[in-house]
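Data first, discussion second: the structure below is written as structure tokens.
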Amino acid sequence: MKKAISFLLAGVMAASLTACSGSVKETASAKQEDTKAAEQTSESKGSGEKVEISFLVTKPEIVPQFEETFKRYTESHPNVTITAIPLSGQTIYEKLTSLYASGNAPTITMVGGPEFTSFKDNFLDITDTDFAKKVYSWAQDKTKSDGKVLAVPTTAEGIGIMYNKKVIEAATGKEFDPASIKSRKDFAQLLEEISKTEYAPVQITNKDWLLGSHLTSVLYGAVSKDFDERQAVIEACRKGEYSFADSQVFNNWMDTFDLLMKYNKYAKSPLANAYEDDQLTMASDEVAFWPIGNYIYPNIVDINPDAQVGLMPYPMGDDEAAVGNKEIVLSYSMFAIDAKQSKPEQQAAAIDFFNWLVTSKDGQDSYVNTLMFVPIFEGFEIQPTNPVAKQIVSYMEQGNTLERMSDYFPAGVMNQFGATMQQYLDGKITRADVANQFKDKWVEFSKK
Amino acid sequence: MYKEKSNLKSFQVFATFGLIPLLVFGIVVLIPFFSGLFLSLTNWNGSIDGKIEFIGIGNYISAVRDPAFWGSLGKTFYYVFFVMILTNTSAFLFGLLVTSGMKGQNFYRAGYFTPNLIGGVILGYIWQFIFSRVFVYFGTKTGIPIFEISWLTDPHAALWALIIVGVWQNAGYMMLIYIAGFVGIDKSLIEAARMDGASPLQMLQKIKIPMMMPAFTITLFLTLRKAFMVYDVNLSLTKGGPYNTTELISMHVYNEAFLNQNMGPGQAKAFLLFLLVAVIAVAQVAALKKKEVDAI
């Protein structure tokens, strides 16, 4: 409790300080001028003064890759030092709240959809910057507020089921093409075939963010192909009017989950396997399928450079036409620059960093080959060469994507969904309980 | 108390020794406490620019209506009860053992105290490894069912894992206080008892325990407070899992405020917890103070 209190207090004191200085009531036009001033200083000062900027990296698994990128930038811009702030086990919201409250806001922040909504008033208007203009127009809606661009997407990420080509081919003796799995039926057959060999067909990571946010995005993303209809479902969920038990999509989603559980490598003790172990088993060719996102790919090839893994959709029905059978969830977090607590020269340096990252050859090389990001920017000369990124590009090109619906979840509910799915995974509750808990938690957390 | 003649002089002495600590106490304890109390009466949602409106006791009502709060509190009582009993029993026995004059007792003293020197977070990770790897490896090799699956994946076993680590961490420290209690007993009392032919057990029961009552007052208070406030081990060992079943009250308050972004109700819960712990601790100290005796 002491900790909680002292955190709160620090927050209060910092809040009252900023309130006194009057910076809170900054208007949009003032912000705009800031940006211009910031850009001017960057041009006039060139590489003179030393600038230190901080970068909140919210993807713990690729902090070293980010540091390598910063190093490369600093080589050509010796006056700028970029320090990575890791999440260190906190959620993005926790970390940002405490950083902002203590007056140590990071110059550059990586945020997801919910945090973007909560913190957008603190972000710099970057509408007129070069790098922000390069963002694909279809990806801009989520980054805007009142017509102003406040963030840019980081990387296109796919969520679905990762497969290990080597394992599947060793187990079946046939060439494997992910497109051959057109429905859950095909998937079930393949799992059955693999289960008869020495290889494990499936592993399920028991983390709440995976079960409660990434995989539930498949569920809510597949309810409809239409944006407004999906929003209507979210609205119905908030009001408690959506009946999960009667929903065909929910039942299909659960059927696939049951199938995965049946062939789970850790079926005996499904909450015991650690995320780190799962990366090892996938990389060392022990398991065929793993519901996860491509964000884990850098780690897999880090452990085993010869790994042949790819991403396929989470099957959503026995019927080939079911939405979700050929779509992966496309998700992107965002980069934003702080407008409130950073100095103009820091903001200028941050803008310059992104211009370098998105438009220069070295920057693009770091973006694609060091960070292993998939660009949502136009005019990239260097395209990803890794097979999973290529797959995601092709899913995007064919329009076979589902929206990342967890961006619309009320704060904190994803952990509850995760806890529900953990109980289900552990065999403690039934499908009806899952449906009820989903329904209740939606209402409970929307009210708060 | 003061030997100084004028008020100014005595204020100078006070300022030299007491002002800075008092100032620090005010800044890090009093101001946070009262601003927290104030916040719990508002609808502040944690955002930096958010408007703050006074809403009375609404947060307290929603706090006591939250079943998760009571569930977490119940588990915390269970945890506190067993940590208190087990820590003090083992600490007392360790204290007895290492003051008995056995061979190498200083080595054991240092050994029992060492866990207390490791920070709670690291301790949690060490034990996480032990529970989920070492025990499971041991269990699968030997076939002892209780170790075959990780304790941290079963709600009840995970709570006991927390209790074991809590006891392991605190027993050494409490042992030191008991040792001080044993050593502080006037030798003449022990000698007199021995002359009267008291057995070692009688001596413990009639002389040692009553004489070291102050040590019990302190250790019980410390374990009570530490167990109620546990957060670091809770975070690093189970992180509230499996499925939020080992979310003890401090973690519940923290999650309510920062994870679910309900600053008001979170702060209200924190204040309720403060009241509860204060009442229990004061009652415990008052009750034990009455049992303390003066021999001479």
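First the proteins, then the strands, lettered A, B, ... as listed; each starts at 1.
In the displayed structure, B:Phe135 atom CZ is contacted under 6.0 Å by more than 12 heavy atoms of other residues, nucleotides or ligands. Atom CD1 of B:Ile20 has 12 or fewer heavy atoms from other residues, nucleotides or ligands within 6.0 Å. Counting non-hydrogen atoms of neighbouring residues, nucleotides and ligands closer than 6.0 angstrom, the CD1 atom of B:Ile122 reaches no more than 12 such neighbours. Annotation: A:Lys343, atom NZ; neighbour count of heavy atoms from other residues, nucleotides and ligands within 6.0 Å does not exceed 12. Heavy-atom neighbours of B:Ile57 CD1 from other residues, nucleotides or ligands within 6.0 Å: at or below the threshold of 12.
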Apply the test side-chain contact (heavy atoms from CB on, under 4.5 Å) to residues A:Asp277 and B:Arg133: give CA-CA distance (whole Å), side-chain angles for both, the deciding distance (0.1 Å), then the verdict.
CA-CA 12 Å; A:Asp277 296 340; B:Arg133 303 284 159 110; 3.0 Å; yes
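When all heavy atoms of A:Tyr93 and B:Phe258 are compared, the closest pair comes out as CD2-O, 3.2 Å. Minimum heavy-atom separation, B:Thr153 to A:Asp426: O-OD2, 3.9 Å. Between A:Asn415 and B:Asn244, the shortest heavy-atom contact is O-ND2, 4.5 Å.
At a threshold of 4.0 Å, the pair B:Lys239-A:Asp208 does not count as salt-bridged, since none of the basic side-chain nitrogens sits closer than that to a carboxylate oxygen.
To the nearest 0.5 angstrom, A:Glu94 atom CD is 7.0 Å from B:Asn255 atom CG. Expressed to the nearest 0.5 Å, how far OH of B:Tyr243 lies from CD of A:Gln437 amounts to 10.5 Å. The CG atom of A:Asn273 sits 10.5 Å away from the OG atom of B:Ser150 when rounded to the nearest 0.5 Å.
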